[in-house]
Amino acid sequence: MSSEKNADPNNKRRGPLDSGHEKRLRCESSQQLQPESHSGNSEDDSRVWKGALGACTRLEVDNILCEALDGSPSCQPDGSLATGGHEPGSQEVDAQPCTPENRSSQPSVSQGSPRTRITGRTIQLGLCGWANFIDEDATFVDKSAAIADVMSPRAGKVIAGMYPRRMGKTTFLKTLVNFLDIVGDMPRIQREKQFRQCALYDMHPEFFEENFAKYPVIMLDFKTSCPKSFDDVPSYLRKSVLAATSKYTELLWNLLDDVDSGYEHLSLDRDAIKRKQRQIRRFINRVNYVEESHNTKTTHLSAISGMIPDLMETLYGLFGRRSVLIVDEYDAPFMSALCHVEDAKEQANIQQTYSEFLCESLKNNDYLHKGILVGVFDVRGVGLGSGLNNVESYMAHSGFAGARLTENPFQHAFGFTINDVWGLINDYVDNQWPHRPAIDHLELGRFKRDLLVGCIQHFDGYRIGQVHHVFNPYAILSLIRELRLVKSLNDIDYSRYSFWTETGSMKVVETIKASSAQDLSRYCKYLSSSFLRQSEYRQHQGPLAEHMSLDFIDDAAVGSIGSQEQPQFPLDVDKETREELADICMVRSGDTFHDMQSLGHEPLQANTIMRLLYQAGYIVPIAKDRVGIPNSEVHRALEQFYERVATQLKISTNLLESIHEEMGIYKCDLQRFSRSLHSCMVSIPGLGEDTSERFYQTILSSYLFPATRSGYAIHNEAMMENGRADTLLFPAPGHLRSDSTPTSYYIFELKSYDGKTTPTSSKRTTVGNRHKVANHVFKQAMQAQTQIYERYYPTLADKARKCDLIHVVGISFWMNRFCMIVTRRKRAESANGAISWPVVRYEGGIEIRDSVEYEQLGDRLEDAENGILREMVVNGHFVALTI
């Protein structure tokens with residue numbers, strides 16, 4: 001394509017980020033500029049932000065952002081722009097039908113991040129080439145700013161990034177190729193025009209000028225049709241190498257024939273070409289030899305392996321520039337050999353051949369500027385070999401605080417950020433959603449808010465380095481494409497969406513050694529229960545919970561959410577398993593690599609399965625000593641995986657069976673429940689005497705949340721006849737019990753400590769102070785029970801009509817300690833059908849007759865150590881006290 005066509009305003013090639021709109025919004029709320037922020041913004045990001053608005057309020061930021069886009073003085077409640085005075089390239093919200101003719105083709109720039117640029121008119125899945133996005137006018141999310149990080153010498157000369165599938169790895173690599181390559185997918189002038197509209201140009205202008213179209217780039221793609229026997233390896237490498245070198249082979253042929261063919265921008269010295277003719281012809285002869293070797297045997301492997309280093313040397317002689325070698329899915333041949341080749345010797349030969357092939361290009365190569373390998377699995381111990389020991393490998397947890405590698409060059413390259421997702425939602429709903437004209441502004445704002453919340457709950461949860469809130473691009477684009485069939489939010493059923501999980505199979509890790517079955521069961525139960533509790537906790541705590549109550553979410557709110565990490569459920573239910581799993585997933589193990597040699601042929605150890613699931617993205621890093629399940633979509637897939645494995649092993653398929661047993665709720669055992677809650681509460685750091693009742697309520701409901709998987713429902717602030725009950729736990733409608741265990745309706749009323757506070761921690765733990773606190777929290781727990789009977793009991797008795805028991809529970813909290821009083825009532829039905837609920841006394845204990853003895857109850861702690869749970873039965877009520 002000529003430069004004249006590129007100048008034509010009607011030319012179809014106008015993206016990915018071709019825009020006449022020159023303004024770039026460089027604003028963010030001041031809290032995102034704080035040094036302690038973990039948003040993943042680099043120093044370069046901060047420099048971009050610091051051009052504006054550090055001390056502005058959120059409303060002022062919103063108004064200035066709107067003015068920067070279209071000159072209007074304010075934003076509408078739904079976050080859309082007010083009409084009037086639009087610049088070319090801004091996005092005007094009106095009531096016109098959302099047709100391609102009415103939609104602006106200019107890129108959307110998210111105010112939440114200087115990196116986020118979105119363009120294109122259609123959601124298309126499966127595209128990854130730079131030119132493909134332009135030709136198809138497909139939605140494109142710009143990740144170009146990460147090119148500077150990946151090419152930085154600090155990252156290493158040869159680097160490998162290992163991240164889950166469908167995270168946009170190939171799209172980024174092809175963007176990288178078109179930026180760096182002397183010979184790109186389109187003419188240089190047109191490429192430069194496109195890239196000057198990208199975030200890379202704004203954020204790293206010096207890097208842009210020094211590196212754009214300056215390097216020969218060779219890209220090997222090992223993504224498809226990996227050989228399943230050693231005999232297929234030579235022909236596979238032959239095809240891969242010929243495809244990777246074809247554009248430069250064509251260039252060299254044209255130079256020999258003195259044909260320009262669009263290469264005039266290269267400014268090659270004709271005398272230099274003549275001097276290098278012998279070298280050029282030598283490479284061409286090698287290509288001809290390999291091309292004609294259709295039945296390539298092992299003896300010709302050296303000719304294939306030498307093609308890339310030979311080409312690099314030839315291109316260095318012409319351009320005076322060392323080459324960049326990119327290998328996409330570099331792990332695929334190694335994993336294919338593991339899965340499909342049963343003979344150990346043949347498997348080793350295949351892996352050794354690939355390792356030697358990569359070594360020849362990436363190690364001790366004087367003409368290599370940068371090597372970039374990207375894949376999913378860490379194959380350093382299963383065939384990549386010690387020969388290629390100059391590779392700096394980066395996984396999702398690389399760059400965590402305390403990790404060996406303090407930076408992760410890929411952290412901005414893959415996945416969608418929350419700003420990207422928000423930009424895509426606004427872009428589609430405002431410009432393409434066919435049902436938009438029928439919805440008013442306020443309802444549209446709620447629709448966008450709920451879409452973002454749904455995306456966070458079901459497709460968020462990944463993390464790369466210091467960047468959290470990383471979404472899977474394939475899942476997000478699939479959901480947005482589905483919106484064309486959606487008329488309202490009620491039509492969206494996230495439970496039926498398995499966009500990402502359906503793109504891969506877990507079959508290869510579904511065979512496990514019987515001796516390792518209990519470990520796998522323990523790991524999966526920990527992951528599932530932790531995920532359920534974390535999910536419930538985040539409904540009430542953290543930035544997302546704060547914004548869910550708003551009628552709409554604006555760009556500043558999204559920036560606030562994106563700048564903060566997801567809050568962690570504070571109860572450390574199983575610290576030993578938590579730390580064990582983190583080590584298995586993040587730390588390289590020789591035993592695991594040895595076990596992987598039998599992948600696909602023999603049962604695996606539980607540790608190997610966990611590490612493979614971690615690398616595949618079913619388990620993700622949360623902190624240096626914690627891993628977890630990223631989102632609801634993946635949680636459903638892991639539950640199904642465990643059910644299949646458990647069925648094969650003939651063990652219980654109920655992931656949460658032991659959790660229910662431990663909690664005691666399922667079998668109406670609140671004595672067991674108090675011990676379980678106590679063992680978790682004492683591990684929570686940071687709770688003070690002023691901790692609010694609402695926070696304790698969140699902890700309790702999150703801790704109880706796994707019970708919802710055994711047929712229970714939880715309601716917080718449930719409306720009763722005379723007020724709102726703190727927490728109700730009851731059998732959900734249609735709940736069927738598989739055994740004879742009675743069903744119970746639980747009501748919890750909570751109190752936080754409102755007595756005299758103690759200024760120092762040393763004084764809080766004295767025997768005298770503990771006695772005073774014990775007396776006070778016991779009174780508060782009694783008050784909580786009294787409140788239930790006075791305000792809620794008539795409604796409660798009616799709601800519990802189909803249950804066998806009612807448990808009335810009053811709890812008073814002091815820091816990470818509590819006093820809990822439980823009363824049991826059993827359903828009784830008279831001959832005329834009247835239902836009553838007489839008390840079922842706990843056996844044993846003490847009887848207290850007057851208020852004086854109640855006042856002295858705390859003095860029974862003389863023989864109890866600090867923090868020890870003390871259980872007693874008082875007047876038939878169960879009391880658990882830990883102070």
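The first residue in the sequence is number 1, and the count goes up from there. Model, not experiment: these values are computed from the prediction. Note that these values count all heavy atoms, side chains included, but never hydrogens, waters or copies made by symmetry.
- Glu633 meets the side chain to side chain donor-acceptor pair (under 3.5 Å) test with no other residue; sequence neighbours excluded.
- In this structure the side chain of Val470 never reaches within 4.5 angstrom of the side chain of Val620, judged on heavy atoms.
- Residues Tyr354 and Tyr236 meet the side-chain proximity criterion, which asks for heavy atoms closer than 4.5 Å.
- Residues satisfying the ring pair (Phe, Tyr, Trp, His ring centres under 6.0 Å) test with Tyr394, not counting sequence neighbours, are none.
- One N or O on the side chain of His468 and one on the backbone of Gln564 form a donor-acceptor pair closer than 3.5 Å.
- Closest of all the heavy-atom pairs between Asn631 and Phe531 is C-CZ, 3.4 Å.
- Lys143 places no side-chain N or O within donor-acceptor distance of the main-chain N or O of Lys169, the cut-off being under 3.5 Å.
- Contact check for Phe195 versus Phe208: side-chain heavy atoms found under the 4.5 Å cut-off.
- Using a distance-only test at 3.5 Å, with no hydrogens or angles considered, a donor-acceptor pair links the side chain of Ser246 to the main chain of Ala243.
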Do Leu220 and Ile326 pass the side-chain contact (heavy atoms from CB on, under 4.5 Å) test, and can you show the C-alpha distance, the side-chain angles, and the key distance before you say yes or no?
CA-CA 6 Å; Leu220 279 165; Ile326 297 173; over 6 Å; no
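- In this pair, Tyr618 and Trp500 present their aromatic rings tilted. The plane angle is within the 30 to 60° band.
- For Asn472 against Tyr474, the heavy-atom pair with the smallest separation is OD1-N, 3.1 Å.
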Applying side-chain contact (heavy atoms from CB on, under 4.5 Å), run through Ser305 and Glu356 and close with a yes or a no.
CA-CA 8 Å; Ser305 299; Glu356 290 174 351; over 6 Å; no
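- Geometric assessment of Arg463 against the ring of Phe400 yields a positive cation-pi assignment under the 6.0 Å and 45° thresholds.
- Here the options are Asp420, Asn419, Asp460, the test is side chain to side chain donor-acceptor pair (under 3.5 Å), and the partner is His469; only Asp460 passes.
- Tyr462 pairs by the ring pair (Phe, Tyr, Trp, His ring centres under 6.0 Å) definition with nothing, not counting sequence neighbours.
- Considering every non-hydrogen atom in both Pro216 and Tyr248, the closest pair reads CA-OH, 3.2 Å.
- Between the NZ atom of Lys370 and the CG atom of Asn211 there is a distance of 10.5 Å, given to the nearest 0.5 Å.
- Using a 4.5 Å heavy-atom threshold, the side chains of Ile609 and Asn607 count as separate.
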As a quick check of understanding, evaluate side-chain contact (heavy atoms from CB on, under 4.5 Å) for Ile147 and Phe172, giving each step before the final call.
CA-CA 9 Å; Ile147 291 175; Phe172 172 77; 3.9 Å; yes
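- Here CD of Glu580 is found 13.5 Å from CG of Asp625. Values are rounded to the nearest 0.5 Å.
- Taking Glu209 as the reference, Arg196 meet the side chain to side chain donor-acceptor pair (under 3.5 Å) condition, with sequence neighbours excluded.
- Side-chain atoms of Asp427 never come within 3.5 Å of backbone atoms of Gly423 as a donor-acceptor pair (strictly under, hydrogens ignored).
- Without hydrogens or angle criteria, Asn178 side chain to Lys174 main chain gives a donor-acceptor distance under 3.5 Å.
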Determine whether Tyr163 and Phe414 satisfy the following criterion, ring pair (Phe, Tyr, Trp, His ring centres under 6.0 Å), listing intermediate values before the conclusion.
CA-CA 8 Å; Tyr163 305 96; Phe414 307 140; 5.2 Å; yes
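- Proximity of a side-chain donor or acceptor of Gln615 to a complementary backbone N or O of Asp378 within less than 3.5 Å is detected.
- Here the shortest heavy-atom pairing between Ile418 and Phe471 reads CA-CE1, 3.6 Å.
- Between the side chains of Gln411 and Gln466, no donor N or O sits under 3.5 Å from an acceptor N or O.
- Of the possible polar contacts, none joining the Arg166 side chain to the Pro473 backbone as a donor-acceptor pair under 3.5 Å is found.
- Residues Leu527 and Ile619 form a side-chain contact, since some pair of their non-hydrogen atoms from C-beta on lies under 4.5 Å apart.
- Listed for the Asp331 side chain is no donor-acceptor partner under 3.5 Å among the backbone atoms of Val379.
- Summarising the geometry, atom CG belonging to Asn365 is positioned 10.0 Å from atom CD1 belonging to Ile308; distances are rounded to the nearest 0.5 Å.
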Pair Asp181-Arg191, salt bridge (Lys or Arg N to Asp or Glu O under 4.0 Å): steps then yes or no:
CA-CA 10 Å; Asp181 205 358; Arg191 278 193 294 147; over 6 Å; no
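- When all heavy atoms are compared, the tightest approach of Leu368 to Leu362 is CD2-O, 3.7 Å.
- Between the side chains of Tyr614 and His397, a donor-acceptor pair is found at a separation under 3.5 Å.
- Pairing each heavy atom of Ser144 with each of Cys198, the nearest pair is OG-CB, 3.2 Å.
- Partners of Asp328 under the side chain to side chain donor-acceptor pair (under 3.5 Å) rule, at least two apart in sequence or in another chain, are Thr170.
- Proximity of a side-chain donor or acceptor of Asp310 to a complementary backbone N or O of Gly306 within less than 3.5 Å is not detected.
- Remark: Arg322 is not positioned above the aromatic ring of Tyr367, lacking an NZ or CZ atom under 6.0 angstrom from the ring centre and at most 45 degrees off the axis.
- Residues Thr417 and Val421 form no side-chain contact, since every pair of their non-hydrogen atoms from C-beta on lies 4.5 Å or further apart.
- In this structure, CD on Gln351 lies 10.0 Å from OG on Ser336, to the nearest 0.5 angstrom.
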Assess the residue pair Phe212 and Phe179 against the criterion (ring pair (Phe, Tyr, Trp, His ring centres under 6.0 Å)); give the C-alpha distance rounded to whole Å, side-chain angles, the decisive distance to 0.1 Å, and a yes or no.
CA-CA 6 Å; Phe212 175 72; Phe179 174 77; 5.6 Å; yes
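- A side-chain donor-acceptor contact under 3.5 Å links Thr175 to the backbone of Thr171.
- With hydrogens and angles left out, the side-chain atoms of Asp149 and Ser152 include no donor and acceptor closer than 3.5 Å.
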Determine, stepwise, if the pair Leu373 / Ile159 fulfils side-chain contact (heavy atoms from CB on, under 4.5 Å).
CA-CA 6 Å; Leu373 295 78; Ile159 61 176; over 6 Å; no
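- Under the 4.5 Å side-chain criterion, counting only non-hydrogen atoms from C-beta, Gln568 is in contact with Ile622.
- Using a 4.5 Å heavy-atom cutoff, the side chains of Asp142 and Leu200 are not in contact.
- With sequence neighbours excluded, no residue satisfies ring pair (Phe, Tyr, Trp, His ring centres under 6.0 Å) with Phe283.
- Rounded to the nearest 0.5 Å, atoms OG (Ser302) and CE (Met307) are 12.5 Å apart.
- Note that CZ of Arg626 is 10.0 Å distant from NZ of Lys575, once rounded to the nearest 0.5 Å.
- A 6.0 Å sphere centred on NZ of Lys157 holds more than 12 heavy atoms belonging to other residues, nucleotides or ligands.
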